[in-house]
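This report refers to the structure that appears directly beneath it.
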Amino acid sequence: MTGAVAARHSPLEGVAAAFAEVATVTDRTVSLAELPFLAQINLRADPADAPLLARLGAALGVDLPTIPNTAAAGPRGDRYVLWLGPDEWLVIDRAGTEASLEGRLRTALRGGRGSVVDVSANRTTIRLAGPAARAVLEHGCSIDLHPRAFGPGRCAQTLLARAGVILISVSAEPEYRILVRPSFAAYLATWLLDAVDGAT
Amino acid sequence: MSPSEERSQHPRRLWRHPEPKASYDVVIVGGGGHGLATAYYLARNHGITNVAVVERGWLAGGNVARNTAVIRSNYLWDESAAIYEHSLKLWETLAAELDYDLLFSQRGVMNLAHSLGDVREGQRRVNANRLNGIDAEWLTPDDIARVCPIVNLAGDIRHPVVGATFQPRGGIAKHDHVAWGYARAADALGVDLIEGAEVTGFEREGDRVTGVVTSRGRIGAGRVAIVVAGHASVVAALAGIRLPLQSRPLQALVSELLEPVHPCVVLSNAVHVYVSQAHKGELVMGAGVDGHIGYGQRGSFHVIEDQLVAAVELFPIFARAHVLRTWAGIVDVSPDASPILGLTPIRRLYLNCGWGTGGFKATPASGWVLAHTVANDEPHELSRPFGLERFTTGALIDEHGAAAVAH
Amino acid sequence: MLLIPCPWCGPRDETEFSYGGEADVPYPGDPAAADDATWAGYLFMRANSEGPLHERWHHAAGCRRWFVARRDTLTSEFLT
Amino acid sequence: MIDTPTPTPTRRLPDGGDWIDRTRPLTFVFDGRTLTGFQGDTVASALLANGIDRVATSTYDRRPRGVMTAGMEEPNALVQVDWPGGASEPMLRATQVELVEGLRAASLAGKGRLSLAPGSNDPGRFDRRHVHADVLVIGAGAAGLAAARATAAETRLIVIDDGPAITAPDLTTRLETRLLARTTALGVYDHGYVTAVERRPNARTEGRLWHIRAGRIVLATGATERPIAFANGDRPGIMLASAAGAYLRRFAVRPGERAVIFANNDTTSAVADDLAAAGIALIETVDWRRNEVVVDTLADASGRLAGVVIAKIASDGAVDPATLRTVAADLLLVSGGWNPNVALWSQARGSLRFDERLAGFVPDRPFGPVEAVGACAGDVAGIGELLPLWVVPPAPVAGRPASDDDWAEHYLDLQRDATVRDLRRALGAGLTSIEHLKRYTTIGTAADQGKTSGVLASAIAAALLGQDVGAVGVPTYRPPYVPVSFAQLAGRDRGALIDPVRTTPIHPWHAANGAVFEDVGQWKRPRYFPGDGESMDAAVLRECRAAREGVAAMDASTLGKIDLQGPDAGPFLDRLYTNAFGRLAIGSCRYGLMCRADGMVFDDGVTSRLAEDRFHMTTTTGNAAAVLDWLEEWLQTEWPELHVRATSVTEQWATVAVVGPRSRDVLHTLAPDLALEPEAFPFMTWRDAVVAGIAGRIFRISFSGELAYEINVPSWSGLALWEAVMTAGAAYGIVPYGTEAMHVLRAEKGYPIVGQETDGTVAPQDLGMGWIVSKTKPFIGSRSHRRPDALRSDRRQLVAVLPSDPDELLPEGAQLVAADARLDAPPVPMLGHVTSSYRSAALGRTFALAMVRAGRERIGETVVAPLVDRTVTATIIEPVLYDPDNLRRDGDGR
């Protein structure tokens with residue numbers, strides 16, 4: 001499989017250089033980077049089945065968030081469980097862990113109502129951070145991004161410019177994660193670079 | 001055209017303001033373009049002049065006052081083509097007949113194609129139109145450049161223009177002049193135009209309508225026609241009739257006056273905009289209908305933004321034009337984007353609604369066939385396919401394909 | 001730009017939603033048993049009221065849930 | 001390149017000017033004359049400073065017009081501005097355009113000019129920004145700032161103002177407060193939504209459209225002084241009294257030398273002080289409250305104001321001829337009272353009432369989170385006792401009866417050249433509604449939207465109708481409050497950003513290998529891969545031949561893919577599809593057709609059973625999202641009792657279709673351990689496999705009729721898989737093919753494409769697919785297939801059409817008519833139309849698919865397709881033209 005891993009291509013490998021320059025040209029008020037190949041598991045489960053949710057939470061080492069649009073961080077910093085809907089979550093973890101995650105969750109789901117789907121390649125992730133990061137998003141995102149409404153630990157499925165995204169607020173710096181479908185990634189990257197230009 | 005020609009030119013006399021009589025042979029509910037045309041043709045074609053048009057607000061204050069006045073007849077299906085082409089033929093002699101300058105201008109209507117699918121549908125429509133005796137042409141990008149040089153024909157834009165359908169006889173008219181022309185002519189033939197009279201109910205004897213109750217009192221009627229675009233469901237409900245309609249905002253906007261820059265009418269279904277330049281010089285634009293039911297005669301701002309995105313993309317020269325005024329009408333959208341015309345379950349009560357975004361261009365034919373229906377208590381041949389019963393039989397006349405932006 | 005109250009995500013801009021028209025129009029339990037008129041009613045007849053209306057909305061760009069809200073179609077105020 | 005300024009007599013005061021910076025002189029050009037002004041000047045103030053009073057010519061009557069106001073309500077001073085950046089912008093208010101070095105302005109006659117070099121795009125950068133606020137204050141005058149200060153420190157507060165600066169240091173220090181100067185609110189919409197345009201938010205950006213969602217909106221938009229209608233009240237040198245004050249105080253500009261004030265209220269006393277301070281002679285104050293009126297004005301040769309005719313009104317309401325007198329003046333300052341700026345209030349659905357004391361419309365009942373304060377609420381400072389005066393009658397002309405024409409020079413809407421005569425004519429024509437009067441006279445429809453003329457016209461109309469002004473009302477206020485450029489509203493959604501381009505993981509290879517792309521929804525898909533100088537026809541024939549005779553590969557990644565899990569997945573699919581899936585064996589695939597409830601074809605695709613409780617569904621490229629939404633709608637709103645979960649995996653998987661008799665050999669090279677014999681891996685089954693070292697899944701399905709494998713791997717490995725397929729296929733002459741060849745191959749087999757053969761009016765039976773429509777189980781749409789129209793025998797049905805000339809390619813969209821139809825006598829009855837048309841390598845000729853009325857009964861009939869330039873004769877035949885017995889799906893039996 002190493003050969004295959006070596007042959008992976010992330011949707012934004014072509015703009016890596018442009019992303020890298022952003023921190024410099026904006027005097028570190030904004031930074032952009034792709035975080036490729038993160039493990040992502042889409043989890044659906046009957047929210048009324050408390051034992052099931054408990055089993056799934058135990059399998060993940062973190063309780064499934066039941067407050068809409070919040071993200072629970074795992075024991076180690078790199079696992080997040082995002083509320084996507086009343087019976088839907090997205091589990092994110094280090095690249096390469098999707099198989100074991102899927103297996104653990106499928107075992108935990110056994111006997112319950114729901115689904116477990118590996119969607120690691122279904123979206124890529126963009127890290128957007130810096131003092132002007134929020135302003136950049138405000139050029140194309142209509143939800144309230146003020147820390148009071150969208151501080152660390154909040155997430156949202158929404159529109160950024162003309163692309164559907166999952167937005168996560170991970171730190172007060174501020175620092176955001178933007179999850180986007182590979183087919184929209186190039187468009188979104190172009191839009192972000194343009195918005196950075198106007199916001200700074 | 002010279003400044004004085006551009007200045008609003010209306011006759012010295014328009015219409016009376018009579019008190020409603022106790023009863024009329026025919027009461028037309030709705031003093032919009034279609035209602036006024038119906039009254040006129042009742043008098044002119046059928047000699048029925050004991051007619052009242054009752055309007056809850058000010059005459060011609062609904063969609064006819066709010067639309068972008070595009071006229072064309074290049075519809076896909078035979079039934080639609082027949083009634084819209086009848087309308088266009090009436091348009092061509094209407095100004096002379098009404099003795100009113102309608103500023104009717106057959107400058108041509110172009111519908112842009114941006115994809116292979118658009119081309120396929122466009123060719124299908126052009127071929128169907130020609131076989132139906134409707135002038136229709138297929139334009140290549142070079143042809144488009146000749147007809148409308150300001151269209152962006154660059155090959156590398158997001159939605160390149162790869163061709164267009166063109167109806168040379170299509171064009172525009174001045175909406176108020178049309179409605180006022182019909183009103184003036186109907187008034188002159190003895191029709192009572194009654195403003196500020198809102199219909200609040202219908203009176204019936206058995207299965208037959210006998211009158212209307214209005215905010216200005218009861219008015220007896222031998223026959224009643226409901227012609228209230230934007231409120232058809234609401235008024236029909238007063239008579240206990242359910243209609244398969246959704247009343248949605250349709251927005252439009254105008255720019256300031258500009259020197260002539262845009263010679264024809266251009267529509268684009270794919271990028272959702274249509275635009276012409278009116279006689280005074282303002283650009284008149286519209287787009288698709290808003291996404292939800294709305295009776296507030298206002299739409300959502302993002303719809304306006306999106307149509308300007310499209311306008312600037314298709315016409316880069318428009319970038320520095322300014323939006324002066326935006327507004328919305330209420331369009332009654334039917335499941336197949338075709339009108340609902342004809343008889344109702346209640347005898348002597350007739351219906352004309354569901355024109356969606358296509359109502360203005362249809363005004364003459366709509367009045368013509370409804371007048372016939374009212375006078376003869378049976379549908380006109382042109383309106384027969386558009387009866388309410390088609391939703392039960394399934395014989396829809398689906399113009400969505402050809403009319404995604406049906407102006 | 002309506003601000004539509006998603007019961008899960010809270011108020012979001014109209015552009016995140018798709019519209020479902022009148023709410024509570026059930027799919028006939030046994031369509032085969034419905035006569036043509038009844039079936040046409042299910043297919044095409046929806047309330048189109050001027051004023052309060054129970055409507056279906058789909059938070060298409062958000063949590064993807066369908067929900068019912070009551071809205072005044074004249075003022076576009078959402079009613080509780 | 002700008003010439004050196006021509007010296008002009010300056011009306012600039014030696015000192016003063018709150019808004020200008022005398023240390024920063026600027027050079028600009030007006031109507032070809034090079035002039036100077038200061039940083040902070042508007043074009044209007046700079047022109048006045050340069051002694052230029054005539055700034056425009058009226059639209060229709062070609063009358064000279066001057067600067068009438070100092071703000072956004074300006075009806076006259078509209079100019080064409082050529083920005084230093086290169087853009088030419090029409091109809092800008094000279095009273096609001098801030099001077100910049102090198103600006104070129106030209107006077108207009110009520111009409112602007114659009115100009116842009118062909119092939120170029122507007123150079124300006126405009127953007128937008130979304131923000132949320134607890135409180136939005138519109139207008140930073142005294143009332144607005146007081147309202148702002150009244151909010152708590154932690155309030156998320158936004159204050160916007162049209163002027164060049166907001167002076168409120170105490171607010172500037174608040175962390176949650178944003179002050180936006182040079183910003184004009186355009187509209188107040190539902191649910192606290194406000195749009196406002198900011199001029200020059202930063203060096204890079206010319207304009208920014210703020211989308212503000214506010215919990216509370218405070219309108220502190222002030223009031224606008226209104227004129228009084230009298231004969232020849234439109235000359236250069238006649239302006240609103242407050243405007244003169246503004247030019248003196250803000251810009252230190254003297255708009256004239258000898259002034260007359262005409263007023264009906266006390267607000268002009270402050271202006272009188274300003275005039276005195278500037279050394280302008282105040283010849284006389286004509287005060288209506290002393291029964292003094294301005295009846296008419298005189299002009300010099302240039303059309304500029306030279307004299308003012310003053311008189312008293314007799315008891316009968318007419319001008320008392322005995323009192324007529326003329327004074328010389330070059331400045332007439334008019335104040336007919338003040339109109340609260342209620343446009344935004346009204347847009348927000350707040351109601352208005354006519355306030356007798358103010359003689360103006362003021363906010364009445366609010367709607368939504370909107371409140372009005374200060375002058376906007378009717379609290380106009382220093383107005384004193386106002387005595388309403390709207391119009392001064394014309395001086396009687398001896399020996400001539402009064403007529404409407406006496407009112408021909410009583411201008412109301414200066415931009416539209418609409419006069420009191422027009423209003424009287426409209427009423428004479430029988431019009432009574434203010435909306436009718438507006439439309440008849442066009443008053444209030446120009447670029448200023450009647451900011452100075454609207455209420456005046458209503459009041460005069462009311463007087464003529466003998467009604468109260470309040471009863472007559474004002475026309476509806478509509479957004480935007482001030483004109484805004486198309487480019488500003490388009491924002492950054494230009495060029496590549498107008499609409500996302502979606503590409504597959506394999507796209508880089510396609511682009512590098514010369515693919516010609518086709519737009520399919522937002523996707524860019526390879527249409528064909530031409531060789532050097534190869535035509536499309538040649539390339540497509542070559543690609544088709546490879547698929548039929550050797551091996552070819554296509555990027556099918558755009559197909560929609562949905563993962564279905566749950567014990568009820570099978571029954572759910574039975575309700576969705578016209579055919580049955582409940583008993584589909586694990587490991588097998590099945591083609592399925594979906595209808596909408598109206599029974600018309602909605603989508604199709606192959607769905608495979610991965611496990612007892614898990615399916616992998618594929619959809620058409622265009623319907624991927626629509627089908628997922630469709631599934632969710634039924635599961636959530638109708639059948640919540642079904643335990644099924646649907647998850648989109650469209651972009652989890654990249655899909656490569658390897659097609660043709662040699663495809664097995666290619667796959668064998670890539671997956672040597674996988675048994676590929678038809679017995680081991682039969683048609684319509686799938687296998688998990690490692691292909692080219694990549695774990696994936698192979699579906700043995702075919703959209704061409706040939707032996708074919710659709711290999712799915714995680715999308716990040718899609719490019720690697722494709723390259724491996726191309727490498728392994730080289731030995732077999734593998735050819736990449738695009739959507740065009742794919743369409744030809746499926747059409748040769750008579751397979752329809754949703755959206756091409758179908759258009760929302762086509763039922764499965766019309767496609768000859770009754771075989772796939774279950775008679776025994778209900779499915780969505782099944783009931784509709786029993787409606788009378790669905791049972792017609794003359795419905796349009798899918799057939800193939802062969803032109804008599806095998807080289808004749810029927811255009812798609814061609815209409816078909818009976819061979820004996822009379823083409824010269826429209827309407828000509830149409831039988832149907834061509835939905836697909838191609839050149840076929842396999843058939844060695846052209847062919848087409850068509851939807852034809854009662855088509856299957858017409859098999860063998862000859863029809864004609866009348867085209868613009870020719871008429872084509874063709875024969876209707878069965879739609880399956882190639883391998884009708886499906887002998888090739890296992891390969892060519894080598």
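The figures here come from the full heavy-atom set of this structure, side chains too, leaving out hydrogens, waters and symmetry mates. The sequence lines fix the lettering, A, B, ..., with proteins before strands; numbering per chain opens at 1.
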Parallel, tilted or perpendicular, as decided by the 30° and 60° cut-offs, for the rings of Tyr19(C) and His292(B):
perpendicular
At a 4.5 Å cut-off on heavy atoms, which part of [X] comes close to chain B: side chain, backbone, both, or neither?
X        : value
Trp39(C) : neither
Ser18(C) : neither
Glu50(C) : both
Leu53(C) : side chain

Between Ser334(B), Ser247(B), Ala232(B), Gly299(B), which residue shows the highest count of heavy-atom pairs closer than 4.5 Å to chain C?
Ser247(B)
Quick one: of Gly291(B), Gly394(B), Gly294(B), who has the most non-hydrogen atom pairs under 4.5 Å with chain C?
Gly291(B)
Residue part contacting chain C, namely of [X], when any heavy atom lies under 4.5 Å:
X         : value
Ile304(B) : neither
Ile330(B) : neither
Arg248(B) : side chain

Nearest atoms (heavy-atom pairs only) where Tyr295(B) meets Ser49(C)
CE1-O, 3.1 Å
Nearest 0.5 Å, please: how far is [atom2] in [Y] from [atom1] in [X]?
X         : Y         : atom1 : atom2 : value
Phe44(C)  : Asp336(B) : CZ    : CG    : 7.5 Å
Arg46(C)  : Leu245(B) : CZ    : CG    : 13.0 Å
Gln246(B) : Thr73(C)  : CD    : OG1   : 10.5 Å

Flag yes if more than 12 heavy atoms outside Trp8(C) fall under 6.0 Å of its CH2 atom; otherwise flag no.
no
Please step through side chain to side chain contact (heavy atoms under 4.5 Å, CB included) for the pair Ile293(B) and Glu22(C), ending with a clear verdict.
CA-CA 10 Å; Ile293(B) 293 175; Glu22(C) 181 189 11; over 6 Å; no
